[in-house]
Amino acid sequence: MEKEKKRNHHRGKAFLKAFLSFFLLSFMLLIFGPSEIFFANVTEFAFLYQEFIWLMLMIAVLSALVLSAVVIFLPEILQKIVISLSFGIAAAGYCQVMFLNRKLDLLGLNPEGYGIEAGPALLNLVIWVAVIGAVLFLAFTKKKLWDKLVQYLSAFLLAIQVVALVSLVLAGDEKAYVRPAAGLHLSGEEQLVVSKKENVIILILDFMSSEYMEDALEMYPDMVDGLHDFTYYSNAECVYFGTFPSIVHMLTGVEFDPSITVNEWCAAAWDNEMTNQFYEYLKNRQYKINLYTPDTHMLCGLNELELIQDKLDNCIDAAQDVKVNEPLLLKTLIKMSGYRMFPEFLKPLFYTNMGEYADIVSARANAVRHDNAAFYARLLEEGITGDDAHNYFIVQHLMGPHQWTTGEDGSYKPDSTREETVKGCFVIVEEYLRQLQEVGAYDNATIIITADHGGPNNTDSQVCFFVKRPQETHEVSPVTNAPVSHCDLLPTVLQAAGCPYEDYGRTIFDFSENEDRERTFWISRMNYDYPYVTCYTGDKEAAGNVYNGYCYTGDLSDLLQKIEQGPDKIVPMLEGFY
């Protein structure tokens, strides 16, 4: 009887140690990590806190209880090893989050994933091994100290994170808990509707740099044969790296001003004499103007969509019935939490691309299809239809190779390569063009296929740029090195629509082969000679604090020389978008 009491007492102590260590780890990975990520980026997420936290809490508690119950029946030596590993991983993860993480791209903006640097990754691994090794060492050499360390330090780390969690929850914005019943949004109802009269269409393939396209062409030489009626501009400047501010610049022609807030610049870009006149010209020519992009923060910052309501016909005020993909929500948040918590060499396994969290919440009807495969599936299922009553100016913003999840046939492929994704994008584009021909909307259309930006790695800074004018036909696509730019889009659109355009500058077609033209490429960087700035949402530090401007005359090779020499202009930012 006495022996049984001692055994139960020993198991009770073992259960307590095990539960504290397991619950600390599960709390960090499943509750505090996702919560901190959520509240720090609440403006980027469409899901609500209560849509994941209760299930996460249940999983965290149950997993800790079950594991603890199993561990107490293991031999003592295995108990020590398992509890030490659990506590050691949690302690090392806490150090990783608090002290060791470099500035992390939590929102998955880099399609190439997380790049490991050998030196920092090795040092990071040494620290993890040292922390876990120290706990194991104490377990077998200083049992009483180990007992206290596991119990009291686990309880302490839990307590401080619980206090921090309560603070996050109480300070959370209303949008973290309440989804508006109605409001302005961009509707995808007419995403496959075009005019049977005149169309000006811009297809934006996100992150489709000229380098990405040319590399894919080596694997798929016939990839763009279907674009034989288009002229390819091999020397196209995107002006800015990043969907913000590039897409606003493409649609307003207004240069980004880092000296004012993001919200102030968005308001100034959309509401000024030239921008207003551009959209009035198109409306006067009976053009419906439809923009299809999923993230309106890229367009307006934190401003309400009233800012663009009078310009876009698919900006409507109506209730949206949404569905939440709960398995994807849990999977994505756990991945993002693991990416934040685990050591450098494991981060690539947990890196979560922006497309993964963007697909968690979707409208049940009238959703804008931004993902390549989703757009393609709808294109094949519903097909393009024609409207007899209006002309159309359409801007289709697709994921492009910003996320490598498109197979070479245009379907969804989670483990796709960059080249396969690029090939798949052009399969989708070719099908879109084929259906334009079927409804009789191709010949009279001006169509531009480009990207909002290329990459940040110098050689991929320029973008793909194809243009077809009405009635233009070729056996093989002509290629020109004319120095065009996104600065030329507005006059080009106006000219194509038969509107006055001279006040907006030269069109794409006004630039000739080998012409000298000075252009400037801008990219956001962190410069430690300048003060840190906050993100426009006001709740985190921005990834950059200056814009570097590189002025060049010529082509990509001249830009690369300029980048190697250093920026011609450095403009401090008041706040960052990313």
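- Aromatic ring pairs are classed by plane angle as parallel below 30°, tilted from 30° to 60° and perpendicular above 60°; the pair F47 and F52 is perpendicular.
- Shown here are the ring-ring contact (aromatic ring centres under 6.0 Å, His included) partners of H185, two or more places apart in sequence or in another chain: there are none.
- In this structure, E438 pairs ionically with R434, as a charged nitrogen and a carboxylate oxygen lie closer than 4.0 Å.
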Mind running side-chain hydrogen bond (donor to acceptor under 3.5 Å, both in side chains) on D206 and T243 for me, showing each step along the way? CA-CA 8 Å; D206 207 310; T243 301; 3.1 Å; yes
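- Between the N272 side chain and the T275 main chain, a donor and an acceptor come within less than 3.5 Å of each other.
- The side chain to side chain donor-acceptor pair (under 3.5 Å) contacts involving residues 383-393 comprise D387-H390, D387-Y392, where partners must be two or more places apart or lie in separate chains.
- Qualifying salt bridge (Lys or Arg N to Asp or Glu O under 4.0 Å) partners for K311, counting only residues two or more places apart in sequence or in other chains: none.
- A search for side-chain contact (heavy atoms from CB on, under 4.5 Å) contacts involving N548 returns I523, R525, V546, Y550, P567, I570, not counting sequence neighbours.
- The main-chain N or O of F23 is found under 3.5 Å from a side-chain atom of S26 such that the two form a donor-acceptor pair.
- Applying the ring-ring contact (aromatic ring centres under 6.0 Å, His included) rule to Y287 yields no partners; only residues at least two apart in sequence or on another chain are considered.
- Across G410 and I428, no two heavy atoms sit closer than the pair O-CD1, 4.0 Å.
- In terms of modelled atom types and a separation under 3.5 Å, the side chain of N325 and the main chain of L328 share a donor-acceptor contact.
- A distance-only check finds no donor-acceptor pair linking the side chain of T296 to the backbone of L299 [under 3.5 Å].
- With contacts defined as side-chain heavy-atom distances shorter than 4.5 Å, the pair S259/L574 does not qualify.
- Residues S416 and T421 have side chains that bring a donor and an acceptor to within less than 3.5 angstrom of each other.
- Residues satisfying the salt bridge (Lys or Arg N to Asp or Glu O under 4.0 Å) criterion with K347, sequence neighbours excluded, are absent altogether.
- Within the 4.5 Å cutoff, no side-chain heavy atoms of E420 are placed close to those of T406.
- Taking 4.5 Å as the limit, every side-chain heavy atom of C535 sits out of range of all side-chain heavy atoms of E541.
- Between M250 and I204 the shortest heavy-atom distance is CE-CD1, 3.8 Å.
- Partners of L490 under the side-chain contact (heavy atoms from CB on, under 4.5 Å) rule, at least two apart in sequence or in another chain, are F278, Y504.
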Report the C-alpha separation of N314 and E189 in whole Å, then their side-chain angles, then the decisive distance to 0.1 Å, and conclude whether the side-chain hydrogen bond (donor to acceptor under 3.5 Å, both in side chains) test is met. CA-CA 8 Å; N314 68 320; E189 182 176 6; over 6 Å; no
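- Between H397 and Y292, the ring centre distance reaches or exceeds 6.0 Å.
- Between the N199 side chain and the V194 main chain, no donor and acceptor come within less than 3.5 Å of each other.
- Taking the six-membered ring for Trp and thresholds of 30 and 60 degrees, Y351 and Y339 have ring planes more than 60 degrees apart, a perpendicular arrangement.
- Between I360 and V324 there is a side-chain heavy-atom pair separated by less than 4.5 Å.
- Residues C238 and D452 form no side-chain contact, since every pair of their non-hydrogen atoms from C-beta on lies 4.5 Å or further apart.
- With respect to the salt-bridge test (charged N to carboxylate O, under 4.0 angstrom), the residues E408 and K413 do not qualify.
- The shortest distance between side-chain heavy atoms of Y279 and D310 does not fall below 4.5 Å.
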So T261 and N263, side-chain hydrogen bond (donor to acceptor under 3.5 Å, both in side chains) or not? Walk me through it. CA-CA 5 Å; T261 69; N263 294 335; 5.4 Å; no
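- Judged purely by distance below 3.5 Å, without hydrogens or angles, the side chains of Y212 and E419 never pair a donor atom with an acceptor atom.
- For the residue pair Q191 / N290, no side-chain donor-acceptor distance below 3.5 Å is found, with atom types taken as modelled.
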Would you be so kind as to tabulate the donor-acceptor pairs closer than 3.5 Å made by side chains of residues 160-175, with sequence neighbours excluded?
from	atom 1	to	atom 2	distance (Å)
Q161	NE2	L157	O	3.1
D173	OD1	K175	N	3.0

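- When only modelled atom types and interatomic distance are considered, S411 and D409 share a side-chain donor-acceptor pair under 3.5 Å.
- Scanning for ring-ring contact (aromatic ring centres under 6.0 Å, His included) contacts around F241 gives H453, with sequence neighbours left out.
- Nearest heavy atoms, P34 versus S337: CD-OG, 3.5 Å.
- The two atoms that bring C266 and L307 nearest to each other are O-CD2, 3.7 Å, heavy atoms only.
- Side-chain atoms of Y412 and N372, non-hydrogen and from C-beta on, never get closer than 4.5 Å to each other.
- Note on residues 268-291: pairs passing salt bridge (Lys or Arg N to Asp or Glu O under 4.0 Å), not counting sequence neighbours, are E190-K288, E198-R285, K283-D313.
- The nearest pair of heavy atoms linking L192 to R378 is CD1-O, 3.6 Å.
- Residues I384 and V193 fail the side-chain proximity criterion, which asks for heavy atoms closer than 4.5 Å.
- The shortest non-hydrogen separation linking P258 to V571 is CG-CG1, 3.8 Å.
- The number of heavy-atom neighbours closer than 6.0 Å to CZ of F156, taken from other residues, nucleotides and ligands shown, is 12 or below.
- Listed by chain and number, the residues in a side-chain contact (heavy atoms from CB on, under 4.5 Å) with A358 amount to none (sequence neighbours excluded).
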Please report the C-alpha distance between L489 and I448 in whole Å, then the side-chain angles of each, then the deciding distance to 0.1 Å, and finally whether the side-chain contact (heavy atoms from CB on, under 4.5 Å) criterion is met. CA-CA 9 Å; L489 283 174; I448 298 172; 3.9 Å; yes
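- In this structure, F244 has its ring center closer than 6.0 angstrom to the ring center of F256.
- Screening residues 46-62 for side chain to side chain donor-acceptor pair (under 3.5 Å), with sequence neighbours left out, gives S35-Y49, E51-R179.
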